[in-house]
Visitor: 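Encoded as structure tokens, here's the structure I'll be asking about.
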Amino acid sequence: MPTKKLWGGRFSSEEDPFFSDFNRSLPFDSELLEVDILGSLAYARALERAGVFNRRERLSVEKGLRGVLKDHLRNPGFIEESRAEDVHTYVEQALTGKVGALALKLHTGRSRNDQVATDLRLYLLQKESGIEKRILALLHTLADLADEYLGVILPGYTHLQRAQPVLFSHYLLSYAEMLLRDLERLGDAKSRTDVCPLGSGALSGTVYNIDRKALAHDLGFSTVSGNSMDAVSDRDFVLDFLFFACTLQIHLSRLSEDFILYNSGEFSFLQMDDSVASGSSLMPQKKNPDALELVRSKTGRTLGHLVSLMTVLKGTPMTYNKDLQEDKEGLFDAIKTTEDCLHMVQLVLERVHLNPQRMQESATQGYLNATELADYLVAKNMPFREAHSLIGKIVVRASELGLTLEELPIREYQSFSPLFEEDLYGCLDLKKAVARRKELGGTSPATVKKAIRTLRRKIQKYR
Ligand code: ARG
């Protein structure tokens, strides 16, 4: 049986069933049911303040709305069986079942246009706060790992070629920096979500005496929108969130990529815990890092949602257009994907088995201390470019002989330059090389220790 439309008045023929399904958003916007009811509860109070409802009516509507929510929590099947067009229609119909015509009065001065914009903002604000907590938890885990493994040396790479030794903790903190920036971006997105459009009506504002500031305050918003036309058609706040989510996931994807490599037999710097790895159906020896491969690939979904919504928005004339209904599924999926990826990476990090010895061994191969040797010559007044080229030749010589720079005899060095003396071997030590990078942002243990403390202080400030 077709349900009654909110806008049936001017229509004489029935809706085509295919159009009806095409047009419906209830199958996905039912996600907004709780915030839709929160919005209506506050709007009922605003209508009472405006003199549209008396106290008894407002109380009755409130009781009805709470009843609709309770029914839903007890039996989510109600909404699944409903043929309502969208969640707002569903709630109104369910409320009508409880309080009769009073339910229709609740829509006085309100349009689904300002209603859906309000719902989406309330919903997103809740999710943004949850995601903020998850990022903080991940930062906490990074700080703990950095503390626990302080002193372990890892080969640092550029172009995926071993380049210079760094502390493993320094490497971990590079991801903490990214996540701190993500938190800032999230805060920014949050502040732009935190604006109440309710009271804008369909597009031109309300003729009723709605105290919009009190209404916004009642709903927990910090501020109210300043232009009714913008308020019902603005979805920038969703773009802001999606951009944040993409950047965060790009960071998680990079970390995943590193760990997938480090987990391989060739690197063996770490091993995934059995609880977050999977096997092969054919090759019994395999333990695959599927969890991180999925984190890496799911980034693509969120990127898609961002591009998709930007494309939707670019062509919409003022003000509300049904195009805006397309904002939801991508956003909901991006939220869930972001939450899931954060949770997955958290589990992987908490349980990872590190192999510091392998990292250290690998750092001793590949001439990672060649730069130290160039610095040695610079200290003896050779211009850096010249030293760089000379050490390049020495590295070729050492590798021809199958020796490390530590093993190459002094006479070999001296055949390249008389500036070399026995003390050159002292500067080749990886620990010393790391310890020399002691300026702010460098990899020396003292600097990294301070950086961990700074990170912990920043986490604390958010809490
Ligand atoms: N389901 C709609 C959406 O998500 C709600 C607003 C409908 N407004 C309208 N004027 N048809 O955008």
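One-based numbering, in listed order, for ligands and for the atoms of each. The shown structure was predicted, so the numbers you read here are calculated from the model rather than taken from an experiment. All values below were derived from every heavy atom in this structure, side-chain atoms included, with hydrogens, water molecules and symmetry-related copies excluded.
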Visitor: Which residue from Asn23, Thr319, Asn321, Asn113 reaches closest to atom 10 (N) of ligand 1 through any of its heavy atoms?
Guide: Asn113
Visitor: Near Ser25, which atoms of ligand 1 are under 4.0 Å from a heavy atom of that residue?
Guide: 1 (N)
Visitor: For Asp194 and Ser222, test the side chains for any donor-to-acceptor distance below 3.5 angstrom and give the result as yes or no.
Guide: yes
Visitor: Applying ring pair (Phe, Tyr, Trp, His ring centres under 6.0 Å) as the test, list every pair that has at least one member in residues 305-352; sequence neighbours left out.
Guide: Tyr123-Phe332
Visitor: Would you say that Gln271 contacts Val352 through its side chain, given a criterion of any heavy-atom pair below 4.5 Å between the two side chains?
Guide: no
Visitor: Relative to the heavy atoms of Lys328, which atoms of ligand 1 are at a distance of less than 4.0 Å?
Guide: 3 (C), 4 (O), 12 (O)
Visitor: Taking distance alone, with no angle check, do Asp86 and ligand 1 share an N/O pair under 3.5 Å?
Guide: yes
Visitor: Measure from NZ or CZ of Arg121 to the centre of the six-membered ring of Phe237, then state whether that distance is under 6.0 Å and the direction lies within 45° of the axis.
Guide: yes
Visitor: Which value, rounded to the nearest 0.5 Å, describes the distance between Thr141 atom OG1 and Glu148 atom CD?
Guide: 11.5 Å
Visitor: Given Lys322, Glu85, Arg235, Gln325, which has its nearest heavy atom closest to atom 1 (N) of ligand 1?
Guide: Gln325
Visitor: Measuring from the heavy atoms of His88, does anything fall under 4.0 Å of ligand 1?
Guide: yes
